[in-house]
Each structure stands twice: as C-alpha cells, then as structure tokens.
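Note sheet for the following structure.
We count ligands from 1, going down the list as the structure has it; atoms in each ligand are counted the same way.
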Amino acid sequence: MLPTYEEFRLRADAVRSRIAAACALARRDPAGVELLAVTKSHPMEAVDLAARYGLRAVGENRVQEGAEKRARSSAAITWELIGHLQSNKARLAVRHFDRIQSADSEKLLEILDRIAGEAGKTQAVLLQVNAGLDPAKSGAEPDEAPRLLAAALAKANLRVDGLMTIAPLSDDPDVARRTFANLRELRDRLAVATGARLAELSMGMSGDLEAAVAEGSTIVRVGTALFGSRE
Ligand SMILES: *Cc1c(COP(=O)(O)O)cnc(C)c1O
C-alpha cells in the first residue's frame with residue numbers, strides 16, 4: 001500500500017531530517033545532498049507523490065518497468081536508471097532515462113555512446129563501481145575504474161557526472177562506511193588524474209544514508225523509507 005500524500009510528506013520530511021543531521025555532523029551543506037526517490041516496484045502514483053513533494057528525480061532499477069511508467073506518467077520529474085543494464089536494453093534505456101547510474105563496462109559505454117549519437121542525445125551517466133568488492137553486486141572493480149573512466153571521457157555522446165556504488169549487505173555498519181569511503185577516495189584520485197570533476201557520488205539507501213553522507217554522498221537513493229516495503 002502506498003502512503004497518502006500526507007503520510008508521504010511526513011516520511012520525506014523525516015528522511016530529509018536524517019540527511020540534515022548527518023550533514024551537520026560532517027559540516028556539510030544539506031543542499032549538497034539530493035534525495036532520489038526510488039519508485040521501483042511501486043505503482044505510478046509513487047512517482048506523483050515524489051513530484052508533488054518537489055523532488056527532482058525518481059530512480060528505477062528495471063529498464064522495462066521504468067520505460068513503461070515514464071511513457072504513462074505526466075509528472076514533471078526526471079528519471080534515473082539505478083539497476084544493472086544489459087546491452088540489449090540499452091536503446092530503451094537511452095530513450096527513457098535522463099541519466100544512467102549503472103554504466104559499468106567499456107562494452108556498455110560503447111553501445112550507449114553509439115545509440116545516444118544516433119538519437120542526437122548527450123547521455124548522462126554515472127560509473128557504477130563495486131567499491132565494497134561484493135561478489136553479489138554488479139559494478140566495475142575499483143582496479144578497472146581508471147580504464148572505464150578514460151573510455152567514458154573519450155565518448156562524444158556521453159557525459160560522466162560521477163560514480164555510484166551499492167554497499168554490501170552487512171550487519172556491520174562499518175562495512176557500508178568503508179565502502180563509501182572507498183568510492184570517495186577513488187573519485188578524488190580519478191578527478192586529479194583526469195581533470196574530470198566527477199561531482200556526483202551516488203551512495204546510500206534507506207538503511208545506510210548517514211554513513212554515505214558522512215563520506216561525501218551527493219545523491220542518496222531512498223525507496224523503503226519513503227514508500228514503505230516493496231514486499
Ligand atoms: C532498491 C534500490 C535502492 C533503494 O533501497 P531502499 O533500501 O529501499 O531505500 C537504492 N539503490 C538501488 C540501486 C536499488 O536497487
């Protein structure tokens with residue numbers, strides 16, 4: 001069951017308070033942390049709730065589901081792909097997503113660049129890195145990130161906004177925090193090495209957003225804390 005708008009507003013306010021508290025501890029400006037509403041597996045109305053509250057964007061993890069919702073939605077909001085992208089879905093993803101946070105291989109970058117070029121579009125991407133070295137997660141290995149970034153920066157039709165990661169599932173909160181610190185340190189090294197700004201660090205979800213903000217997250221991807229469980 002989706003929350004009513006009033007319920008949603010209270011939940012979103014509470015998430016923003018958590019972000020603000022984490023920012024205060026880290027001496028950061030809360031305006032530097034975007035709340036991305038993860039609407040995956042929720043009905044279209046979830047997108048309307050996020051738009052009405054004034055959020056800039058929603059995140060979907062499946063290309064087909066996101067594309068269908070977007071085609072039917074009249075919400076004034078942008079769409080970000082946060083789930084693994086297979087090459088055979090790349091065309092649909094370029095057509096329907098304003099940004100693809102899950103670019104994780106040179107082959108995929110090549111395909112995205114070609115399709116974006118054909119569509120006359122500059123496709124915004126984040127490079128997904130498996131910064132927690134979690135065998136269960138997709139994303140490029142940290143060691144591969146320099147080559148992946150070099151390939152992405154060379155593509156005429158791609159714009160690289162930064163990096164994205166998902167922390168391993170763990171009872172130990174230090175695991176998430178170390179993962180996020182790894183991603184930030186990797187970003188800092190890559191930015192110095194290439195001169196690319198890589199301003200965005202997409203990291204942190206409902207359960208670990210404080211650790212992510214402490215380590216420099218600029219985009220927290222939140223589903224459950226806004227919409228309730230997905231079953
Ligand atoms: C589902 C999902 C989220 C949101 O997770 P919650 O725990 O529900 O906040 C964030 N990022 C990605 C990549 C996801 O697939």
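Between the side chains of E34 and T218, not a single donor N or O lies within less than 3.5 Å of an accepting N or O. At a cut-off of 3.5 Å, with distance as the only test, no side-chain donor of D48 or Y5 sits close to an acceptor on the other residue.
Listed by number with element, the atoms of ligand 1 under 4.0 Å from a non-hydrogen atom of I166 are 13 (C). Near K40, meaning under 4.0 Å from any of its heavy atoms, are these atoms of ligand 1: 1 (C), 2 (C), 3 (C), 14 (C), 15 (O). For ligand 1, the atoms closer than 4.0 angstrom to any heavy atom of G223 are 4 (C), 6 (P), 8 (O), 9 (O).
Salt bridge status for E6 with R9: present, with a side-chain N to carboxylate O gap under 4.0 Å. At a threshold of 4.0 Å, the pair R114-E118 counts as salt-bridged, since one of the basic side-chain nitrogens sits closer than that to a carboxylate oxygen.
Ranking the protein heavy atoms by distance from atom 11 (N) of ligand 1 puts R221 NE, 2.8 Å first. Protein heavy atom nearest atom 9 (O) of ligand 1, with residue, atom name and distance: S206 OG, 2.5 Å. With respect to atom 10 (C) of ligand 1, the closest heavy atom belonging to the protein is M205 SD, 3.1 Å.
Between the side chain of R221 and the backbone N or O of S202, at least one donor-acceptor pair lies under 3.5 Å. When atom types are taken as modelled, the side chain of R70 and the backbone of H96 share a donor-acceptor pair closer than 3.5 angstrom.
Residue Q101 places every heavy atom at 4.0 Å or more from ligand 1.
Here the shortest heavy-atom distance to atom 12 (C) of ligand 1, taken over L36, I82, T224, V222, belongs to I82.
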